[in-house]
Visitor: 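I have a structure here, written as structure tokens, and I will follow up with some questions on it.
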Amino acid sequence: MKILFLILMLFGLLFGGDATIEVIKKVDVLPSLAVEDASISYDDSFKLKFFKSIIADLNVLSIFNVDRFYRETHYNNTNVVASNRNKKYVLRYKMFEDDGGALNVHIKLLKNNEIEFSKNYKISRQSIYMFISHAIAFDINEFMGASSVEWMKRKVIFSRIVGPKKSEIIISDYTLAYQRVILKGGFNIFPKWANKSQTAFYYTALDPKVPTLKHLDIKTLKIKSVITSDGIMICSDVSPNGITLLLTMAKKGQPDIYSYNIKTKKYIRETTYGGIDVNAQFMNKDTIVFISSRLGYPNVFSKKLNTNEIEQMVYYGTSNSACSSNGEYIVYKARESSNAYDINTFNLHLISTKTDFIRRLTATGVNEFPRFSKDGDAILFIKNYKGQSAIGIIRVNHNKNYLFPLKYGKVQSMDW
Amino acid sequence: MKNIVLSSVATVLLLFTGCSQSEPAVDIKSNTETIAVVEEVKSVETEVVASEESMVSLSSNENASSNTNLSMSEVESKLPAIYFAFDKFEIDTAMQVKISEAADLGKNGAKSYSVKLEGNCDEWGSDEYNFALGLKRASNVKKALVSEGIDTSRISMVSYGESNAVCSDKTQACWAKNRRVDFKLLP
């Protein structure tokens, strides 16, 4: 009897897998990839910087087990570096500066010493090398036939506070390694891309007497005022065709959600609750999700536009104060502790509107500003932990998180 | 007999708790074989990645009240800040007294000015909800001022969320200072 019991127990232990164990198994079976530098120009410190950037991008793809060792070689060597012989793939690149000072990068992806894929890249200045690194990772991912990482090429726009009532709006790459200040001076916050092609953005100007939503065209640098509201004005989402905006305004003295048509310049009040309604996001063209305090604490609700149908979306967490949606999925920020006297923890959770499925995406620190990529493949967020801030990328379907440390100040708001 | 019953119950429990629907291993071969064999390497293409460098710089002419009216700043210095509890926008009794004092000032010494109520929050929740919380605080102060006899047309509101902190230490006392509504006089 005891033997039978022992056998059954062993059986149970062997097959009682959980999700974390499964992830480790998957990491082990990803094809290995090593990177070899064959650069001619540039000093060692820049070479290493570029190498680190490309390693980080390749890791984020989540389709390779990327080797982190830096190895140098000649671009035309027929064989890979000896220590990389056991690697399934080797990415070899050569950086050189041309007469115009532009950074050129040639790459080839090798498998069994044969060239599988090759491409050349060029960018006007060395300092914006990260865009080449992202483009290389994007192309290799396409070549491997993995699910698209189009979001890697998209720009992030964010605002940061630089002093009391002073802020800047910055455009960056998805790792925030490259940063270009687009709007300086004054108190301008909550930037939001105005269209899919990211050629313009909306933001809230708090310097005028009344909070004003403004529109800035990046190409012409022209600014125009869109709409104003006493007390609060935030553009929370823009419809995929760029015509309808979801705004938080206080036309009646208290924060409610409004939809605004930029063509007709007419708005409709979508919520009328006497507490707080904010952070509306399109789930599809007829339904929005938003944050409301109608249960006495902030939580996620949905509303069918042009009806009064409101539904509670989240049944977990006592303070869920921000969300982002993509189709049937909603990612929301939940406060795990409610304490006026101590450091609070905020984690991100993912739910599906079609199942009861809840997945906790982060475990420690203050995790905020969750933003789905347009295709829903990735979630961008900011993590503050032990006095350090980082930008995080969650590959939803790969069950992986990546963090890139942030060098400057606190992010006020972010859009992707 | 008891032992047999106990051990069989334990094994059944173990079996059910450790039930995994997942495939224990991922097929390495099927993963790698999906990589298409390239017939011929295409001619190498060059991608030029563009970037623009222009920027808008706004000079702060909005704040240009250079010849400051002394009496206005005098009045402003007498106006209190109204403080709130964590995650709350209700006004407590002590703060109600301060609002009454401010309303008295508004009806007498500061009769010719309008007031802008600036709602602020602590750093816990740097998102839209926090801005709305700041506005609800300003809105409640506005209601209290109106009930004290201040004309509603003299009052405007703005919420700064957590972005106008007066104190940046990570302490309870500091966070409490940031959960407030300030009075700013307008000519």
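First the proteins, then the strands, lettered A, B, ... as listed; each starts at 1.
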Visitor: Considering only heavy atoms from C-beta outward, does the side chain of A:F117 approach that of A:I107 to under 4.5 Å?
Guide: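 Yes, side chains in contact.
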Visitor: May I ask you to decide if the ring planes of A:F131 and A:Y178 are parallel, tilted or perpendicular, using 30° and 60° as cut-offs?
Guide: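 A:F131 vs A:Y178 ring planes: perpendicular.
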Visitor: Report, by ascending residue number, the residues of residues 148-158 of chain B in heavy-atom contact with chain A at a distance under 4.5 Å; give 'none' if the set is empty.
Guide: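 The list, in residue order, reads B:S156, B:M157, B:V158.
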Visitor: Counting heavy-atom pairs closer than 4.5 Å to chain A, which one of B:V166, B:T171, B:N164, B:L186 comes out on top?
Guide: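 Of B:V166, B:T171, B:N164, B:L186, B:N164 has the most heavy-atom pairs under 4.5 Å with chain A.
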Visitor: Which one, B:A176, B:S139, B:S163, B:A173, leads in non-hydrogen pairs under 4.5 Å with chain A?
Guide: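 The option with the most such pairs is B:S163.
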Visitor: Among A:S292, A:P255, A:G145, A:G231, which has the most heavy-atom pairs under 4.5 Å with chain B?
Guide: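 Of A:S292, A:P255, A:G145, A:G231, A:G231 has the most heavy-atom pairs under 4.5 Å with chain B.
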Visitor: Counting only non-hydrogen atoms closer than 4.5 Å, does A:P211 touch chain B with its backbone (N, CA, C, O), its side chain (CB onward), both, or neither?
Guide: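 Answer is side chain: those atoms of A:P211 sit under 4.5 Å from chain B.
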Visitor: Partners of A:N320 by side chain to side chain donor-acceptor pair (under 3.5 Å), sequence neighbours excluded?
Guide: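 If we apply the side chain to side chain donor-acceptor pair (under 3.5 Å) test to A:N320, skipping adjacent residues, the hits are A:N299.
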Visitor: Answer yes or no: is there an ion pair linking A:K222 with A:D217, defined by an N-O contact shorter than 4.0 Å?
Guide: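 Judged by the 4.0 Å cut-off on N to carboxylate O distance, A:K222 and A:D217 do not form a salt bridge.
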Visitor: Checking side chain to side chain donor-acceptor pair (under 3.5 Å) against A:E168, which of A:R160, A:Q412, A:K184 comes through?
Guide: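 So, applying the side chain to side chain donor-acceptor pair (under 3.5 Å) to A:E168 and each of A:R160, A:Q412, A:K184, only A:R160 qualifies.
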Visitor: Measure A:S167 against the heavy atoms of chain B and call it side chain, backbone, both or neither at under 4.5 Å.
Guide: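 Contact with chain B: none, neither part.
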Visitor: Is chain B contacted by the side chain of A:I189, its backbone, both, or neither, given a heavy-atom distance below 4.5 Å?
Guide: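 Side chain of A:I189 only, per the 4.5 Å heavy-atom cut-off to chain B.
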Visitor: Just checking, any donor-acceptor pair under 3.5 angstrom between side chains of A:S236 and A:N279?
Guide: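 On atom types as modelled, these side chains do not qualify, holding no pair under 3.5 Å.
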Visitor: What part of A:L216 gets within 4.5 angstrom of chain B, counting heavy atoms only: side chain, backbone, both, or neither?
Guide: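 For A:L216, side-chain heavy atoms alone lie under 4.5 Å from chain B.
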Visitor: Given A:F290, which partner from the list A:D256, A:I257, A:D237 fulfils the side-chain contact (heavy atoms from CB on, under 4.5 Å) test?
Guide: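 Checked A:D256, A:I257, A:D237 against A:F290; only one passes side-chain contact (heavy atoms from CB on, under 4.5 Å): A:I257.
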Visitor: Is B:K88 in contact with chain A via its backbone, its side chain, both, or neither, using a 4.5 Å heavy-atom distance?
Guide: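 Looking at B:K88, nothing touches chain A.
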Visitor: I want to check something: taking the side chain as every heavy atom from C-beta on, are A:T204 and B:F131 in contact at a cut-off of under 4.5 Å?
Guide: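 No. Closest side-chain heavy atoms not under 4.5 Å.
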Visitor: Compare all side-chain heavy atoms of A:P298 with those of A:R335 and state whether any distance is below 4.5 angstrom.
Guide: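 They are not in contact (no side-chain heavy atoms under 4.5 Å apart), so the answer is no.
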Visitor: For B:Y83, give me all partners under ring pair (Phe, Tyr, Trp, His ring centres under 6.0 Å), at least two apart in sequence or on another chain.
Guide: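 Residues passing ring pair (Phe, Tyr, Trp, His ring centres under 6.0 Å) with B:Y83: none at all.
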Visitor: Got a sec, which residues hit ring pair (Phe, Tyr, Trp, His ring centres under 6.0 Å) with A:Y332, two or more places apart in sequence or on another chain?
Guide: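 Expected list: A:H349.
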Visitor: Given a strict heavy-atom distance threshold of 4.5 Å, which part of B:A138 is in contact with chain A: side chain, backbone, both, or neither?
Guide: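 Answer is neither: B:A138 stays 4.5 Å or more from chain A.
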Visitor: Using heavy-atom distances under 4.5 Å, tell me whether B:K143 contacts chain A through its side chain, its backbone, both, or neither.
Guide: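 Nothing of B:K143, per the 4.5 Å heavy-atom cut-off to chain A.
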